[in-house]
Amino acid sequence: MSVSSDLPSRAELLREMLWAGRQMSTSTIMLHQAVADRLGLHPTDHKCADLLHINGPMTAGELADLTGLTTGAITGVIDRLEAADFVRREDDPDDRRRVIVRVVPKSLHRVGRLFQSLAAAMVELCGHYTDRELATILDFMTRSREVARQETMKLRQTGPSRKREASGVRRRRPAGPRRVG
């Protein structure tokens, strides 16, 4: 859709924005799945490593808070990332009871190579927009990211047991012999 003086109605624009957002989200997930596959990782593991790269070393609990994942799930993520030589655990020099998770610097080169073509294509795409338009797009992307983060946290607060209760789905009993008596 090109922007002109004959703009569609606001309702039509919003509908198109939501549709484009869904398509972009799916394309992004598929891209990160492909990257994770090339790295031998799960997409969640790949993105957790990215969060560690962006935010710097942190504890497993801090990473769990940042992602909204449980500490148990994060332990599995860190185990897999450590086995694949993407992160390492180090003792916290200020508190021997804590462990800090840090990205292994050489792993950044493996990941970076996979994004070189995308980065070049995005720079070329940005060339089609004025600085003012890019500032608006950046503002929208920044605000969208925050909306998505807040919605993720809302969803994480309603764990599986609450979902089952809300949907009326009852939990199945484990398979095995039943007690008679």
* Lys/Arg-Asp/Glu bridge criterion (N-O < 4.0 Å) met for R143, E146 ->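 Result for this pair is no, no salt bridge flagged.
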Pairwise distance [atom1]([X]) to [atom2]([Y]) - rounded to 0.5 angstrom:
| X | Y | atom1 | atom2 | result |
| --- | --- | --- | --- | --- |
| S9 | E16 | OG | CD | 10.0 Å |
| C48 | I74 | SG | CD1 | 4.0 Å |
| T59 | R97 | OG1 | CZ | 12.5 Å |
| M58 | L63 | CE | CG | 5.5 Å |
| Q150 | R145 | CD | CZ | 11.0 Å |
| D139 | L134 | CG | CG | 12.5 Å |

Can you see which heavy atom on [X] is nearest to which on [Y], and at what distance?
| X | Y | result |
| --- | --- | --- |
| A49 | V103 | O-CG2, 3.7 Å |
| P57 | R102 | CG-NH1, 3.1 Å |
| P105 | R88 | CD-NH1, 4.1 Å |
| G61 | T71 | CA-CG2, 4.5 Å |
| L69 | A73 | CB-CB, 4.3 Å |
| M153 | L66 | CE-O, 3.6 Å |

Count I, L, V, M, F, W, Y as connected when their side-chain heavy atoms are under 4.5 Å apart, and connections chain through other members. Are [X] and [Y] then in the same cluster?
| X | Y | value |
| --- | --- | --- |
| L13 | W19 | no |
| V77 | I29 | no |
| M24 | F140 | no |
| M30 | V35 | no |
| V101 | L51 | yes |

* To do: Test salt bridge (charged side-chain N to carboxylate O under 4.0 Å, His left out) on R89 and D79 and set out the steps.
  => CA-CA 9 Å; R89 290 175 168 104; D79 288 346; 2.6 Å; yes
* More than 12 non-hydrogen atoms from neighbouring residues, nucleotides or ligands closer than 6.0 Å to CG on D131, yes or no? ->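 For D131, atom CG is not crowded (no more than 12 foreign heavy atoms under 6.0 Å).
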* CE (M122) with more than 12 external heavy atoms under 6.0 Å ->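 12 or below, so no.
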* Can you list every salt bridge (Lys or Arg N to Asp or Glu O under 4.0 Å) pair that touches residues 22-46, not counting sequence neighbours? ->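 Applying salt bridge (Lys or Arg N to Asp or Glu O under 4.0 Å) to every pair that reaches into residues 22-46, excluding sequence neighbours, yields D45-R80.
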* **Counterpart residues, ring-ring contact (aromatic ring centres under 6.0 Å, His included), relative to F115 (two or more places apart)** =>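 With sequence neighbours excluded, F115 shows a ring-ring contact (aromatic ring centres under 6.0 Å, His included) to H32, given in chain and number order.
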* Asked: Does any non-hydrogen side-chain atom of D85 lie less than 4.5 Å from one of K106?
  ->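 Of all side-chain heavy-atom pairs linking D85 with K106, at least one is under 4.5 Å.
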* Given side chains that start at C-beta, do those of V111 and H46 come closer than 4.5 Å, heavy atoms only? ->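 Yes - at least one pair of side-chain heavy atoms lies under 4.5 Å apart.
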